[in-house]
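Remember, predicted model here, so these are calculated numbers, not experimental data. Each residue takes its place number in the sequence, starting with 1. What's counted below: heavy atoms across the whole structure, side chains too, no hydrogens, waters or symmetry copies.
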Amino acid sequence: MKILDLLERERDRRMAAEREQRRLRGLNAILKGMLRPPSLVPVGCAQVAAFHQTASADQLGGDFYDVFPLGCDRWALFIGDVCGKGAEAAALTLLCRHTLRLAAACGNGPVDVLSLLNAVLLQEPRDGTRMCTALYGVMTAEEDGVRLTLAVAGHPPPLLIHPSGRVEELRLDAGLMLGVDAAPGLTAATIRLDPGQTLLAYTDGLTDEVIEELTEGVIERLCRTGEVHAQAVVDAVRGLTPGPLADDCALLAVTA
């Protein structure tokens with residue numbers, strides 16, 4: 001074969017590879033746009049703030065959150081983390097988000113909402129991992145504060161931050177990760193946020209070291225400045241994780 005023919009074939013191969021790379025980058029950008037967490041809607045009874053960051057700018061993440069109205073001074077919130085990375089995890093993230101919203105719109109309580117998502121995950125083809133952790137809650141406005149009814153499925157326990165600076169880990173009864181068993185053992189718990197109290201939910205990308213730094217001094221400094229509220233708490237956590245993360249991370253804070 002002539003050298004010119006070989007060179008032309010190599011050129012064609014490189015051009016085809018470049019076209020495929022551009023196509024994949026385009027698909028990746030579309031998926032990342034679909035996965036981008038929504039802007040939080042104003043909540044009449046509380047301040048809310050959130051943060052989301054993937055471990056790699058080039059990799060699709062699997063952490064998600066949302067806050068949306070249910071009507072009659074009630075709002076739904078959820079945060080979750082799917083197993084895996086890449087396109088499969090991205091598709092599962094979209095499935096989880098839309099299933100949770102649909103289940104909530106049908107008037108279901110926290111346990112029923114997570115149970116429905118669990119059933120959907122179990123019905124998915126078992127050619128890969130179809131599991132996620134999640135925390136789902138309903139906020140209800142009260143005369144002086146907020147009532148929160150929460151259900152947890154294998155998710156890290158949220159933190160309750162008091163105006164005094166004390167940080168309490170809420171040891172709620174947690175069921176199994178969703179997508180594992182038809183009976184995940186979910187239960188609901190109701191807590192009250194008094195004015196100035198903040199609930200911080202997070203995914204496991206937030207390391208124990210960061211949580212320790214947050215509870216040992218950072219919150220107290222916020223208290224001294226009178227800045228203990230949802231956005232300030234989220235900003236404080238972000239300040240403790242300035243470098244690359246080993247895993248995706250999502251935060252969701254609510255202040256009464």
State yes or no: do Leu176 and Leu114 share one hydrophobic cluster built from I, L, V, M, F, W and Y residues joined by side-chain heavy-atom distances below 4.5 Å, directly or via other members?
-> no
Derivation and outcome, side-chain contact (heavy atoms from CB on, under 4.5 Å), residues Leu102 and His98 | CA-CA 6 Å; Leu102 178 60; His98 291 301; over 6 Å; no
Interatomic spacing from CZ in Arg238 to CG in Asp235 - rounded to 0.5 Å | 6.0 Å
Is it possible for you to say whether Ile211 and Phe51 belong to one hydrophobic cluster, with membership spreading through side-chain heavy-atom contacts below 4.5 Å?
-> yes
Sub-4.5 Å side-chain heavy-atom contact between Leu199 and Leu193 | yes
Find out whether Thr190 and Arg147 are in side-chain contact, i.e. whether some heavy atom of one side chain is under 4.5 Å from a heavy atom of the other.
-> yes
Quick one: do Thr149 and Thr140 satisfy side-chain contact (heavy atoms from CB on, under 4.5 Å)? Show the steps, please.
-> CA-CA 8 Å; Thr149 303; Thr140 305; 5.9 Å; no
Give a yes or no on this: more than 12 heavy atoms of other residues, nucleotides or ligands lie within 6.0 Å of atom CG of Asp181.
-> yes
Walk me through it: do Leu159 and Leu170 pass the test side-chain contact (heavy atoms from CB on, under 4.5 Å)?
-> CA-CA 6 Å; Leu159 302 177; Leu170 292 180; over 6 Å; no
Any ion pair linking Asp66 and Arg97 (charged N to carboxylate O, less than 4.0 Å)?
-> no
Should Val152 and Tyr136 count as side-chain neighbours, where that means a heavy-atom distance under 4.5 Å?
-> no
Hey, mind stepping through Val254 and Met139 against side-chain contact (heavy atoms from CB on, under 4.5 Å) and telling me if it holds?
-> CA-CA 10 Å; Val254 178; Met139 292 185 287; 3.6 Å; yes
Would you call the rings of Tyr65 and His52 parallel, tilted or perpendicular if under 30° counts as parallel and over 60° as perpendicular?
-> tilted
Side-chain contact, heavy-atom cut-off 4.5 Å: Cys249 with Tyr202?
-> no
Taking it one step at a time, do Thr133 and Asp81 satisfy side-chain hydrogen bond (donor to acceptor under 3.5 Å, both in side chains)?
-> CA-CA 5 Å; Thr133 69; Asp81 183 4; 4.9 Å; no
Looking at CZ of Arg130 and CG of Leu95, how far apart are the two atoms once the value is rounded to the nearest 0.5 Å?
-> 8.5 Å
May I ask you to decide if Ala232's main-chain N or O and His229's side chain share a donor-acceptor pair within less than 3.5 Å?
-> yes
Specify the closest pair of heavy atoms between Leu117 and Cys96, including all atoms of both residues, with the distance to one decimal.
-> CD1-CA, 3.9 Å
Any donor-acceptor pair under 3.5 Å linking the side chain of Asn108 with the backbone of Ala103?
-> yes
Would you check if Pro184 and Met177 make a side-chain contact, meaning some heavy-atom pair closer than 4.5 Å?
-> no
Any Leu135 side-chain heavy atom under 4.5 Å of Leu252 side chain | no
